[in-house]
Amino acid sequence: MSTVRKQAYQDVLHRVPKQIEQSGKISKVFGENVFHLEVMREYLPDEAYKSIKEASSKGTRIERRVADQVASAMKEWALDKGATHYTHWFQPLTGATAEKHDAFFKPVSPGHAIEQFSGELLVQQEPDASSFPNGGIRNTFEARGYTAWDPSSPAFVIANTLCIPTIFIAYTGEALDYKMPLLKALNAVENASIAVCKYFDKNVTSVSATLGWEQEYFLVDKAFYNARPDLMMTGRVLFGHAPAKGQQLDDHYFGSIPERATAFMRDFEREAIRLGIPVTTRHNEVAPNQFECAPIFEECNLANDHNLLLMDLLEKVARKHDYRIVLHEKPFPGLNGSGKHNNWSLATDTGVNLLAPGKNPKSNLQFLTFFVNTIKAIHDNADLLRASIASATNDYRLGGHEAPPAIISAFIGSQLTKVLDDLEENIKAGKMTPKDKTELKLNIGKIPQILLDNTDRNRTSPFAFTGNKFEFRAVGSLANCAQSMIVLNTIMANQLEIFKKDVDTRIKKGDGKDEAILKELQKLIKESKNIRFEGNGYSEEWVKEAKKRGLKNLKDTPSALKVWEEKRSIDLFEKMNVFTKRELLARQEIEYEKYIMRVQIESRLIGDLTQNHVIPAVVNYQNKLIKNIEGLNNLLGKNAEAGTKEQRYILQKLSSHMNDMQAHAIEMLECRKKANAIEDIAKKSVAYRDTVKVHFDKIAYHCDKLEVFVDDELWPFPKLREMLFTS
Ligand code: ADP
Ligand code: MG
C-alpha cells in the first residue's frame, strides 16, 4: 500500500465516535440561534415589531427608522449570543452561499471602542463582488453589486457571526443570485393562486408555495477523502473498481446507522434545530455510507434558505467528526447517486393545502383545479423544468437506472387517473343537464381524502403526486432548490392565469361557475394527457414510448440549456416578471460556463492522476514482476517458460491496459485543446461533451482493470471497498 493509503486506513480503524452534547430537550433549543418573530417581540418596540411582521408576511416596505430599530435590536440579540461579526448571507450563481464578515467592533477614540450596527448596514451592502459569476451583466466598469436584506427570512447566528439573508443584485438592478427571482416567482404564483381560490373561497387573502426537501449525502472519512485527490477536487471518484459487495444485498437501506455516523447526525441535527431547521427524519439510503435527512416542510423561500444552511452545516459538523460530506450526485461508480427530492404544494392563509383532496365536492373541485393545472403546467413546460435541474454533476445521475430519467413525466396514481379519465369522458359539450351536474358532483365527492397509499407510490417518476403534494425527484443533491422552484412556481403562476381567464370567458358566455371550471378542467386533462405516465420510468420501453408521445429526452446539460434562449421561455419569464431576457441569457451563459469548467477540471485531473499516480504504480509492479521472472529464469533454466507463464500474462495485461489508457488520455488532451479554442460557449460545451467527456469512461475502464491486476500493496488510492465499508 502507498504510505498515504496505509496511513489513512490505520487512522480510520482507530477512530472512535466523538462525544456530543446530549443534555436538554430538543424542543428547548429549537430556533435558539434565530432572530425570529418571538425574539423580535422581546427586543423591539411595538410599532417596529408590527411593521416587520407585516413586511415578512406581506412584503410591505420597511421605513428607515424601523430598519434602524431592527438593526439595533438584532445587534443586541446577536451580541447576547456571543456574535462578534455580521454578514450579508447570499446565494450567488456559483451554487454555494457567500458571506463577507464585518466586525461589530468599532474603535471611536484611542483606547475606546463600541459595537456598531445601523439600519443602513442591515438594509444594503456592497460586497466586493466582481468575482461572482454574472454572465456578462456586470461589466467591469460598473462592477458594483449590492446585497439587500430579505426580511421574510430571519437572521441567525452561526459560528459567532450574525447572518442576514439577502438578495444579490447588480448595480443595474438585475438579479445575480437565486433568491431574488425565487421571491418574484413566489409572488407570481401567490397572486395567480389567490385569484383562482376566489372561485371557491372569498376569504383567501394569501397563498404560499411550500417546500419540503429531502437531502441525500455520503459520508467519507477525512483520511480516505484526503487520499483521493479526485474526490477532493471534483466531488466524485474518477476511477475505482466496484467493490465485490456493493448495494446488491440491499442491507443498508433503513439499516441501523453505525455509531460514529450516529454521533455525527445527532450533533448536526441539534445544530440544525438550533438554527430553526425542523429536521425530523434521518435514515440510511440504498448505498453504503449514504444517508438522507428531511425537515418538516416550510414556506418555499425559507425552506430553500434552510436547505442551503443545512448543506453548509453538514460540511462544518462533519469536519468535527473527522468526516467529509460528499454532496455530488454520483460520487461512486456502481452505487446509487444522491438527489434532493423537492416536495411542493400550495397553502392558503385559511389553512387549506390546495393539493390535498378535501371532504366534500366543493373542496374537491378546488383540489382538482390546482391538481389539473399543475399537470398542464408540467406538460406545457417540461423542457424548462428539465433545464432547471441541468448540471454537469446531475448528468451522471439522471437516467442511470437508479434515478429519474431525463424525460419529464408526471405520476398521479391509479385512483386519480380514474377520476381524470371520468372527467374527461363524462362532460359533454354544450349545456350540462342538472342530472349531469349532480352525477359529476357525486363523482368528485368520492375522491378519498387520504390518497396516501404506499403501494401506489411510483419511485421511478421524476414528478410524482404523493397524496397531498407533488414530489420533484430529479433535482440534484448539490443543487440550489431555488433553481427548480423558480421554474415550477413560474409555470404554475402562468397556467393559473390562463385558466382564470378562460374560465371567466366561459362564465361571461353564460356557463355557471362550476360548469365553466369543469369544462375547462376537462380541456386541460385532454391537452396534458401525454405527460402522465404510471409505468416504470427506469425502463427502456418508456424511452421508446416517450419518443412516440413526442416527449423530449434532453439527456445532458448542453442539450437542456438551449431551452432558456427560446422565445417562448423568454416571453413566459418576462410576462410573469421573474426574469428579463438579459437575466435569462446571463444565467444560461453561467450554466454553460459551469458545465465546461466542471468537465475541464475532471479531464485535467484524470490526466494528472493517470500520469503521476497510476502509471508509476503500474511500472513499479512491472519491475517487480520482471525481477521475479529474471530470478525464475536463473533458477529454472529451460523450464522457466512454463514457470513464469502467469507473470508474463499479467505483464502483458498491464502493458496493454496502460497503453490504451494512455492513448485515450493523450487524445483527450488534444480534444481539450481544440475545445478550449472555441469561442461560442454553447458550441464549446457541446465539444466538451462529445470530444472530451467521452474519454472519461474509457480511461476509467482501463484504470479499473489495472487496479485489479496491480499488487494491492502498490496501488496509490484508497479503494472503494475501503472508503465505503471501513467504519
Ligand atoms: P418520502 O418521500 O421519503 O416517502 P414523505 O412522503 O413522508 O417522505 O415526505 C417527504 C417530505 O414531504 C417531507 O419533508 C415533508 O415535510 C414534505 N411535505 C409533506 N407535506 C408537504 C406539503 N404540503 N408541501 C411541501 N412538502 C410537504
Ligand atoms: Mg421522497
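One-based numbering, in listed order, for ligands and for the atoms of each. Since this is a predicted model, take the numbers as computed values, not measurements.
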- Task: Report yes if some N/O of Ala294 lies less than 3.5 Å from some N/O of ligand 1; otherwise report no.
- Result: no

- Query: So, is Asn343 polar-close to ligand 1, with some N/O to N/O distance under 3.5 Å?
  - Reply: yes

- State whether the shortest distance between N or O atoms of Phe297 and N or O atoms of ligand 1 falls below 3.5 angstrom. yes

- Task: Report, in ascending order of atom number, the atoms of ligand 1 lying under 4.0 Å from any heavy atom of Gly212.
- Result: 25 (C), 26 (N)

- Message: Can you check which of Gln215, Lys469, Glu298, Glu292 brings a heavy atom nearest to atom 6 (O) of ligand 1?
- Response: Lys469

- Closer than 4.0 angstrom: is that true for some heavy atom of Glu299 and an atom of ligand 1? no

- Where at least one partner belongs to residues 471-498, residue pairs that pass ring pair (Phe, Tyr, Trp, His ring centres under 6.0 Å), sequence neighbours excluded: Phe463-Phe472

- Is Arg236 positioned over the aromatic face of Tyr396, cation under 6.0 angstrom from the ring centre and no more than 45 degrees off axis? yes

- Query: Hey, is ligand 1 close enough to His341 that some N/O pair sits below 3.5 Å?
  - Reply: no

- Message: Is Ala347 close enough to touch ligand 1? Criterion: a residue heavy atom under 4.0 Å from a ligand atom.
- Response: no

- Heavy-atom contact under 4.0 Å between Glu214 and ligand 1? yes

- Message: If we only consider heavy atoms of Asn353, is any one of them less than 4.0 Å away from an atom in ligand 1?
- Response: yes

- Message: Less than 4.0 angstrom from a charged side-chain N to a carboxylate O is my criterion; do Glu497 and Lys500 meet it?
- Response: no

- Task: For Thr210, counting its heavy atoms only, list the atoms of ligand 1 lying under 4.0 Å from any of them.
- Result: 22 (C), 23 (N), 24 (N), 25 (C)

- Message: For Phe470 together with Phe371, are the ring centres under 6.0 Å from each other?
- Response: yes

- Query: Judged by modelled atom types alone, do Ser153 and Asp305 share a side-chain donor-acceptor pair under 3.5 Å?
  - Reply: yes

- Which of the ligand 1 atoms, numbered from 1, are nearer than 4.0 Å to a heavy atom of Arg459: 4 (O)

- Note: ligand 1 atoms sitting under 4.0 Å from heavy atoms of Glu471 are 2 (O)

- Test: Arg324 cationic atom under 6.0 Å from Phe218 six-membered ring centre, within 45° of axis: no

- Item | Between Asn530 and His379, a side-chain donor and acceptor under 3.5 Å | no

- Query: Mind checking what makes side-chain hydrogen bond (donor to acceptor under 3.5 Å, both in side chains) contact with Asn373, not counting sequence neighbours?
  - Reply: Gln495

